[in-house]
Amino acid sequence: MALLKILRYPDPRLHKVAKPVTEFGTERLRKLVADMAETMYDAPGVGLAATQVDVHERVVTIDVTEDQSQLLVFVNPEIVWASEEKQVYDEGCLSVPGIYDGVERPARVKVRAFDADGKEFEIEADGLLAVCIQHEMDHLMGKVFVEYLSPLKRNRIKAKLQKEERGMERDAAQRAGGRR
Ligand code: K1U
Ligand code: ZN
């Protein structure tokens, strides 16, 4: 297994629309799922979409348990029902580190998806799982949660993360210089 690099907002690759998976049960898909799960647990996070690791296919991993004991894998997920009732949840994102803000979404959803072997299943979710499923499915459509926030907040977040990115690049260049 391997840890994958998580793209950081505002990387334009986070806005690519993922394509459906067409081949199930392959070594490639199994490895992608295993690497995504390892990367999600290591971060640590409760969800990860393939888009965030620069793989533009409809694959999501989620585990909202405290002891990281219930990995859920969604391949080609579709929301087949969403409640009228909404909930606001303070969302975070591994691609937008350190930022949490309220997003309103349907409180409950029913999702149809496939596992890595191509077996179809349906689950109904509420609470954090419902939030996380919708957040990750947005990633597959190229949408990052900050796009629900006001342009003012979004631009401040973008500027903060770009500044951090420049700092990280400077540190990396200094470390590489020190090795020469
Ligand atoms: O998509 C992602 O980047 C993962 C994201 C999922 C998510 C969390 C909360 C609301 C909506 C979507 C995260 O996992 S952010 C990190 C986080 O919330 C967390 C990390 C460790 C323990 C518990 C939560
Ligand atoms: Zn996210």
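Atoms considered below: every heavy atom in the structure, side chains included; atoms not considered: hydrogens, waters and symmetry mates. Counting convention: from 1, in listed order, for ligands and their atoms alike. FYI, the numbering just counts along the sequence from 1.
Every atom of ligand 1 is numbered from 1 in the order shown, and the set under 4.0 Å from a heavy atom of Leu94 is 2 (C), 3 (O), 4 (C). Proximity to Gly45 (heavy-atom distance under 4.0 Å) selects the following atoms of ligand 1: 14 (O), 20 (C).
Ranking the protein heavy atoms by distance from atom 9 (C) of ligand 1 puts Gly92 N, 3.8 Å first.
Around the Zn ion (ligand 2), protein atoms of type N, O or S found under 2.8 Å number 3.
Nearest residue to atom 17 (C) of ligand 1 from Tyr100, Tyr89, Tyr9 is Tyr100 (criterion: closest heavy atom).
Applying the salt bridge (charged side-chain N to carboxylate O under 4.0 Å, His left out) test to every pair with at least one member in residues 126-140, sequence neighbours left out, gives these pairs: Arg105-Asp138.
Note on ring orientation: taking the six-membered ring where Trp is involved, the planes of Tyr9 and His15 are perpendicular (angle over 60°, cut-offs 30° and 60°).
Of all the heavy atoms of Val131, the ones lying under 4.0 Å from any atom of ligand 1 belong exclusively to the side chain. The proximity of Met40 to ligand 1, defined as any non-hydrogen pair under 4.0 Å, does not occur for either the backbone or the side chain.
For Lys119, the salt bridge (charged side-chain N to carboxylate O under 4.0 Å, His left out) test picks out no residue, with sequence neighbours left out. For Glu124, there are no salt bridge (charged side-chain N to carboxylate O under 4.0 Å, His left out) partners two or more places apart in sequence or in a different chain.
At least one heavy atom of Val46 sits less than 4.0 Å from an atom of ligand 1. For Gln52, the closest heavy-atom approach to ligand 1 falls below 4.0 Å.
Defined by atom type and a distance below 3.5 Å, a donor-acceptor pair is missing between the side-chain atoms of Gln70 and Thr65.
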